[in-house]
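Working notes, structure below.
Counting starts at 1 for both ligands and their atoms, in listed order. Residue indices begin at 1 and follow the sequence shown. Side-chain atoms are counted along with the backbone in the values below, which use heavy atoms only and exclude waters and symmetry mates.
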Amino acid sequence: MSKTAMRASQKDFESALSQVKRLKDPGNEVKLKLYALYKQATEGPCNTPKPGVFDLINKAKWDAWNALGSLPKETARQNYVDLVSGLSSSSDSSSQVKPEADRKQPGYETLVVTSEDSITKIMMNRPAKKNAITIQMYNEIMLALKAASKDDSAITVLTGNGDYYSSGNDLSNFTDIPPEGIEEKAKSSAILLRDFVDCFIDFPKPLIAVVNGPAVGISVTILGLFDTVYASSRATFHTPFSHLGQSPEGCSSYTFPKIMGPAKAAEMLIFGKKLTAAEACAQGLVTEVFPDSTFQKEVWTRLKAYSKLPPNAMRISKQVIRNREKEKLRAINAEESRALQERWLSDECTNAVMNFLTRKAKL
Ligand SMILES: CCCCC/C=C/CC(=O)SCCNC(=O)CCNC(=O)[C@H](O)C(C)(C)COP(=O)(O)OP(=O)(O)OC[C@H]1O[C@@H](n2cnc3c(N)ncnc32)[C@H](O)[C@@H]1OP(=O)(O)O
């Protein structure tokens with residue numbers, strides 16, 4: 001016999017009433033339907049005066065109940081039981097979390113990209129190499145950001161897999177010299193760098209860095225272009241550009257002095273001072289630090305709550321905060337990329353990279 005052909009007993013109705021309290025919030029429209037059916041089932045047709053036009057909530061409830069007209073109490077009780085049973089089964093199936101491997105978007109080799117709970121998560125995924133950023137990874141991050149800017153997620157997160165957030169530019173990127181020579185390599189790398197950083201400057205939705213461990217080089221400098229930076233207490237922030245014969249990128253020559261003042265920025269960007277998470281937070285580069293043991297749990301709980309905020313309002317707020325600086329940031333990015341193009345051809349840079357690759361030097 002079909003469910004609707006059965007008559008719901010008082011016991012079925014009472015069990016639906018207690019079941020409804022355990023359901024995930026079904027949204028206002030369904031809540032109004034439940035309210036109306038409950039009133040109809042227990043009191044019969046609407047019998048109270050219509051609330052005033054400014055009493056919005058009670059008026060919506062009254063309208064929903066009144067719309068049921070002379071529906072018999074028994075039918076209302078049955079409809080209530082059916083509605084709750086439908087909500088319970090859909091909430092059961094949506095609470096079955098698929099393993100991350102099943103949810104990950106195809107087409108990425110160096111990243112794991114997932115979208116759920118209105119959050120697109122871009123996770124750098126070369127843990128054995130401390131998430132060092134290869135040419136392929138720069139390109140995939142750009143692709144993932146472009147896709148995230150158009151998908152239906154409300155916020156986008158960049159994070160790392162394993163013990164590091166990222167060790168920055170993969171230093172072996174400099175070893176793959178094309179037949180056209182080293183100058184051509186420096187030129188194409190500068191274009192890639194400029195395009196990569198432009199993607200962060202132009203990203204239209206709230207962008208959050210979940211810094212799960214140490215961060216080096218370009219993974220630190222671009223943090224000034226994020227809207228929020230959450231760090232594990234284990235994270236460190238290191239920009240050893242002079243040690244590497246290089247100069248700052250990611251618009252950090254502008255964002256860092258603005259965030260932390262010129263003196264603190266110079267210590268990081270010229271002298272390569274490594275900051276702890278607490279220091280980076282005190283200097284305004286990091287929004288909040290969480291104990292490493294509870295980092296993932298606390299951060300994702302927070303982000304899931306934020307992702308429920310109205311997405312268009314968040315976008316517009318970001319635009320209002322950031323848009324007036326965009327042109328300036330693009331010009332700074334181009335200038336920093338040009339300076340690096342020169343630096344990559346210098347002996348200082350070549351020797352530092354060779355020293356790392358031949359295992360003579362680490363940070
Ligand atoms: C298109 C071009 C754009 C360019 C933009 C410019 C950006 C500038 C920067 O980002 S500058 C920063 C560059 N990064 C570094 O200098 C970091 C170099 N790495 C280290 O010093 C160390 O690896 C470490 C301190 C990050 C970690 O040390 P640890 O001892 O814990 O681990 P290992 O050294 O054994 O590392 C494990 C393996 O990972 C490889 N690896 C780590 N980082 C990089 C890197 N940045 N580039 C290349 N490879 C890296 C490391 O070599 C080990 O590999 P192996 O297991 O095969 O030996």
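- For N173, the closest heavy-atom approach to ligand 1 does not fall below 4.0 Å.
- Set against the non-hydrogen atoms of Y138, the atoms of ligand 1 under 4.0 Å away are 1 (C), 3 (C), 4 (C), 5 (C).
- Ligand 1 has a nitrogen or oxygen under 3.5 angstrom from a nitrogen or oxygen of N169.
- Using cut-offs of 30° and 60° for the angle between ring planes, the F200 and F226 rings count as tilted.
- For K187 and E180, the salt-bridge test fails: no basic side-chain N is under 4.0 Å from an acidic carboxylate O.
- In terms of protein heavy atoms, atom 41 (N) of ligand 1 is closest to K129 O, 3.8 Å.
- Every atom of ligand 1 with a heavy atom of G217 under 4.0 Å away is listed here by number and element: 9 (C), 10 (O), 11 (S), 12 (C).
- For atom 18 (C) of ligand 1, the closest non-hydrogen atom of the protein is F356 CE1, 3.5 Å.
- Distance alone, capped at 3.5 Å, is enough to place a donor-acceptor pair between the N131 side chain and the R126 backbone.
- Under the 3.5 Å distance criterion, the side-chain polar atoms of K318 are matched with a main-chain donor or acceptor of K205.
- Note on D170 versus K129: no salt bridge recorded, every NZ/NE/NH1/NH2 to OD/OE distance being 4.0 Å or above.
- Taking 4.0 Å as the cut-off, A128 counts as a neighbour of ligand 1 on heavy-atom distance.
- Scanning all protein heavy atoms for the shortest distance to atom 35 (O) of ligand 1 gives K362 NZ, 3.5 Å.
- For E348 and R343, the salt-bridge test passes: some basic side-chain N is under 4.0 Å from an acidic carboxylate O.
- Every atom of ligand 1 is numbered from 1 in the order shown, and the set under 4.0 Å from a heavy atom of L244 is 11 (S), 12 (C), 13 (C), 16 (O).
- The protein non-hydrogen atom at the shortest distance from atom 7 (C) of ligand 1 is E249 OE2, 3.2 Å.
- At distances below 3.5 Å, at least one donor-acceptor pair connects side-chain atoms of Q40 with backbone N or O atoms of G69.
- For S167, heavy-atom contacts with ligand 1 shorter than 4.0 Å involve the backbone as well as the side chain.
- Look at K130 and D163 and you find a salt bridge, because one of the NZ, NE, NH1 or NH2 atoms lies within 4.0 Å of a carboxylate O, short of that distance.
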Output, in order, the C-alpha distance, side-chain angles, deciding distance and verdict of side chain to side chain donor-acceptor pair (under 3.5 Å) for S15 and D12. CA-CA 5 Å; S15 116; D12 295 335; 5.7 Å; no
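- Close N/O approach between L171 and ligand 1 is found [any backbone or side-chain N/O within under 3.5 Å].
- Taking any N or O of Y164, backbone or side chain, none lies under 3.5 Å from an N or O belonging to ligand 1.
- Salt-bridge annotation for R330 and D202: present, with a side-chain N of the basic residue lying under 4.0 Å from a carboxylate O of the acidic one.
- Side-chain N or O atoms of N173 include one that pairs as donor or acceptor with a backbone N or O of I133 at under 3.5 Å.
- Shortest contact from atom 53 (C) of ligand 1 to any protein heavy atom: R359 NH2, 4.4 Å.
- No more than 12 heavy atoms of other residues, nucleotides or ligands shown are found within 6.0 angstrom of CD on E342.
- Residue-level proximity to ligand 1 for F174 is absent, since no heavy atom of it falls below 4.0 angstrom.
- Residue L192 touches ligand 1 through its side chain alone, judged by heavy-atom distances below 4.0 Å.
- For L340, no heavy-atom contact with ligand 1 is shorter than 4.0 Å.
- K130 CE, 3.5 Å is the protein heavy atom nearest to atom 31 (O) of ligand 1.
- Here is the list of ligand 1 atoms found below 4.0 Å of a heavy atom in G168: 10 (O).
- Close contacts of ligand 1 with A132, meaning ligand atoms under 4.0 Å from a residue heavy atom, involve 44 (C), 45 (C), 46 (N), 47 (N).
- Below 3.5 Å of separation, one finds an N or O of I218 facing an N or O of ligand 1.
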